[in-house]
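Handing you this structure, nothing more for now.
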There are 2 protein chains.
Amino acid sequence: MARVGLTTERLVRAGAELADEVGFEQVTVSELARRFEVKVASLYSHVKSSQDLKTRIALFALEELADRAADAIAGRAGKDALVAFADVYRDYGREHPGRAAAARMRLDPETAAASAGVRHAQMTRAILRGYDLTEPDATHAVRLLGSVFHGYASLEVAGGFSHSAPDSQETWTRILDALDALLRNWPSEPTL
Amino acid sequence: MARVGLTTERLVRAGAELADEVGFEQVTVSELARRFEVKVASLYSHVKSSQDLKTRIALFALEELADRAADAIAGRAGKDALVAFADVYRDYGREHPGRAAAARMRLDPETAAASAGVRHAQMTRAILRGYDLTEPDATHAVRLLGSVFHGYASLEVAGGFSHSAPDSQETWTRILDALDALLRNWPSEPTL
DNA sequence: CGTGTTTGCCTAAGTGGTTTAGGTGGATGC
DNA sequence: GCATCCACCTAAACCACTTAGGCAAACACG
């Protein structure tokens with residue numbers, strides 16, 4: 001009865017890799033058990049349910065992504081920081097599509113509040129220190145950046161921009177140029 | 001053996017309503033059969049599979065959304081058109097969260113190419129006629145707008161902006177102001 | 001108005017993922 | 001060396017998906 005050494009930690013990591021291989025939606029307790037060469041029921045001592053497993057993968061991805069983002073913006077400011085930060089999101093989505101999808105998973109409010117999601121929001125706000133935005137404009141801008149990063153990654157992985165000119169990298173660069181210009185010249189009052 | 005009068009059309013419509021009630025992920029052939037008071041296997045004369053059903057719901061939502069968008073931009077131009085267009089997306093996401101999620105579902109390339117998705121892209125491009133954008137900037141802008149609409153709707157339905165000031169409506173208005181300003185003053189060359 | 005054909009819905013059965021209850025034996029600690 | 005723990009097991013129930021094949025209601029036509 002060879003003990004494989006299952007732990008919640010190992011299951012979540014393997015689940016994240018599985019997500020990158022087959023897609024987050026296709027992550028299944030059964031497939032994970034197969035990979036560890038263990039019976040399915042054995043996993044239930046380590047995760048409460050299939051849903052619990054997916055939530056843990058999402059939290060793991062959010063942490064990993066936040067760590068990368070923190071590294072990227074350290075010592076940078078202004079457009080430099082914006083681009084480095086944004087590139088972390090885009091690269092993560094391309095490198096780890098399953099984990100990125102997990103990070104976009106809907107979490108219930110308490111779980112979300114205790115997740116690395118708040119670090120993401122804080123870092124986005126930190127980026128804006130390089131621009132002259134006062135509240136509530138800073139909050140609006142945080143939400144805009146979140147929407148763009150989130151949305152672009154989704155559309156890109158869905159193949160929305162592939163196989164059509166100009167290529168996705170070019171668009172990404174120009175979108176960041178545009179966002180930088182927008183943040184430097186944020187319209188303080190509604191333009192009439 | 002009372003015939004209920006199942007058709008693919010009716011199943012897809014009921015599936016869309018089910019999606020709005022319980023979430024697109026939770027749409028299931030079994031639940032649909034339950035609602036029609038019919039055995040599960042009976043649905044398989046009308047849809048090929050669970051996946052087929054979901055794809056049809058996605059296509060239905062894309063059509064419906066494109067119709068609404070077309071109505072909204074008729075007779076409008078410039079910021080007026082941009083705001084009307086964008087509001088259609090946001091309102092649809094709030095009014096029909098399940099269908100909106102369906103519309104964001106990943107489709108395989110041929111299906112996507114034959115879907116109303118291309119109408120969405122065309123309409124977005126039409127909006128930009130009110131601004132002075134030449135290629136390839138227009139394409140970049142189309143992708144930016146798509147990312148923002150897509151991303152904002154996802155974050156909003158995930159509860160990202162709820163219960164925190166300023167409210168989501170205010171942010172949405174200000175984001176559209178910002179996008180309008182950006183499109184009127186799109187940075188043609190990378191700012192150095 | 002019968003009769004044959006279509007077809008809408010059925011039963012039956014197999015596959016596979018999820019989850020719980022309870023058992024067994026290998027590792028650990030005294 | 002014994003008791004304990006716990007990692008992993010077997011067994012079994014539940015539910016969603018899917019296919020194959022049957023029956024009878026609806027329809028088309030002479």
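Heavy atoms only: backbone and side chains are in, while hydrogens, waters and symmetry mates are out. Just so we're on the same page: letters track the sequence lines, and every chain starts at 1.
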(request) Please list, chain by chain and in numerical order, all residues satisfying side-chain hydrogen bond (donor to acceptor under 3.5 Å, both in side chains) with B:S164, sequence neighbours excluded. (result) A:R143

(request) Please list, chain by chain and in numerical order, all residues satisfying side-chain hydrogen bond (donor to acceptor under 3.5 Å, both in side chains) with A:D87, sequence neighbours excluded. (result) A:W172

(message) Check this for me, if you would: do A:R174 and A:D177 make a salt bridge, where the nitrogen-to-carboxylate-oxygen distance has to be below 4.0 angstrom?
(response)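 Judged by the 4.0 Å cut-off on N to carboxylate O distance, A:R174 and A:D177 do form a salt bridge.
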
(request) May I have the distance from B:L6 (atom CG) to C:dT6 (atom P), rounded to whole angstrom? (result)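 Between P of C:dT6 and CG of B:L6: 21 Å.
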
(message) Whole angstroms only, please: what is the NZ-C1' distance between B:K39 and D:dT18?
(response) 16 Å

(message) So, using side-chain hydrogen bond (donor to acceptor under 3.5 Å, both in side chains) as the criterion, who are the partners of B:R34 when residues are at least two apart?
(response)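 Result, side-chain hydrogen bond (donor to acceptor under 3.5 Å, both in side chains) vs B:R34: B:E31.
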
(request) Report the residues that fulfil side-chain contact (heavy atoms from CB on, under 4.5 Å) with A:L145, sequence neighbours left out, ordered by chain and then residue number. (result)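 Counting only residues at least two positions away or on another chain, A:L145 forms a side-chain contact (heavy atoms from CB on, under 4.5 Å) with A:L82, A:T124, A:L128, A:F149, A:L179, A:L183.
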
(request) Verify whether the ring centers belonging to A:Y152 and A:Y89 lie closer than 6.0 Å. (result)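 Here the rings of A:Y89 and A:Y152 have centres that are no less than 6.0 Å from each other.
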
Anything under 3.5 Å between a protein N or O and an N or O of nucleotides 27-29 of chain C, put it in a table, one pair a line.
none

(request) Would you kindly give the CG-to-P distance between B:L32 and C:dC9, to the nearest whole Å? (result)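 For the pair B:L32 CG and C:dC9 P, the rounded distance is 13 Å.
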
(request) Can you sort out the partners of B:A178 under side-chain contact (heavy atoms from CB on, under 4.5 Å), two or more places apart, ordered by chain and number? (result) A:L182, A:W186, A:P187

Side-chain atoms of residues 10-24 of chain B: list all donor-acceptor pairs with protein atoms under 3.5 Å, sequence neighbours left out, distances to 0.1 Å.
unit_1	atom_1	unit_2	atom_2	d
B:R10	NH1	B:V4	O	3.1
B:R10	NH1	B:G5	O	2.9
B:R13	NH1	B:E9	OE2	2.3
B:D20	OD1	B:G98	N	2.9
B:D20	OD1	B:R99	N	2.9
B:D20	OD2	B:H96	ND1	2.8
B:D20	OD2	B:R99	NE	2.8
B:E21	OE1	B:R35	NH1	3.0
B:E21	OE1	B:R35	NH2	3.0
B:E21	OE2	B:R35	NH1	3.3

(request) Measure from CG on B:L43 to C1' on C:dG8 and round the result to the nearest Å. (result) 12 Å

(message) Under 4.0 Å from OP1 or OP2 of C:dG8: is there any side-chain N or O of B:S45 that close?
(response)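 Checking C:dG8 against B:S45, no side-chain N or O comes under 4.0 Å of OP1 or OP2.
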
(message) Can you pull out the residues from residues 8-21 of chain B that lie within a 4.0 Å heavy-atom distance of DNA chain D?
(response)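 Hits under 4.0 Å, by residue number: none.
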
(request) Under the side-chain hydrogen bond (donor to acceptor under 3.5 Å, both in side chains) rule, collect the residues that match up with B:S49, sequence neighbours excluded. (result) none

(message) Restricting to ring pair (Phe, Tyr, Trp, His ring centres under 6.0 Å), what partner residues turn up for A:F60, sequence neighbours left out?
(response)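 Residues passing ring pair (Phe, Tyr, Trp, His ring centres under 6.0 Å) with A:F60: none at all.
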
Would you give me the side-chain donor-acceptor pairs under 3.5 Å for residues 39-46 of chain B, sequence neighbours excluded?
unit_1	atom_1	unit_2	atom_2	d
B:S42	OG	B:K39	O	3.2
B:S45	OG	B:S42	O	3.3

Distances under 3.5 Å between protein N/O atoms and the N/O atoms of nucleotides 16-19 of chain C, please, pair by pair.
unit_1	atom_1	unit_2	atom_2	d
C:dG17	OP1	A:R34	NH2	3.3
C:dG17	OP2	A:R34	NH2	2.8
C:dG17	O3'	A:T28	OG1	2.8
C:dT18	OP1	A:T28	OG1	3.1
C:dT18	OP1	A:S50	OG	3.1
C:dT18	OP2	A:T28	OG1	3.0
C:dT18	OP2	A:V29	N	3.0
C:dT18	OP2	A:S30	N	3.1
C:dT18	OP2	A:S30	OG	3.1
C:dT19	OP2	A:Y44	OH	2.9
C:dT19	OP2	A:S50	N	2.5

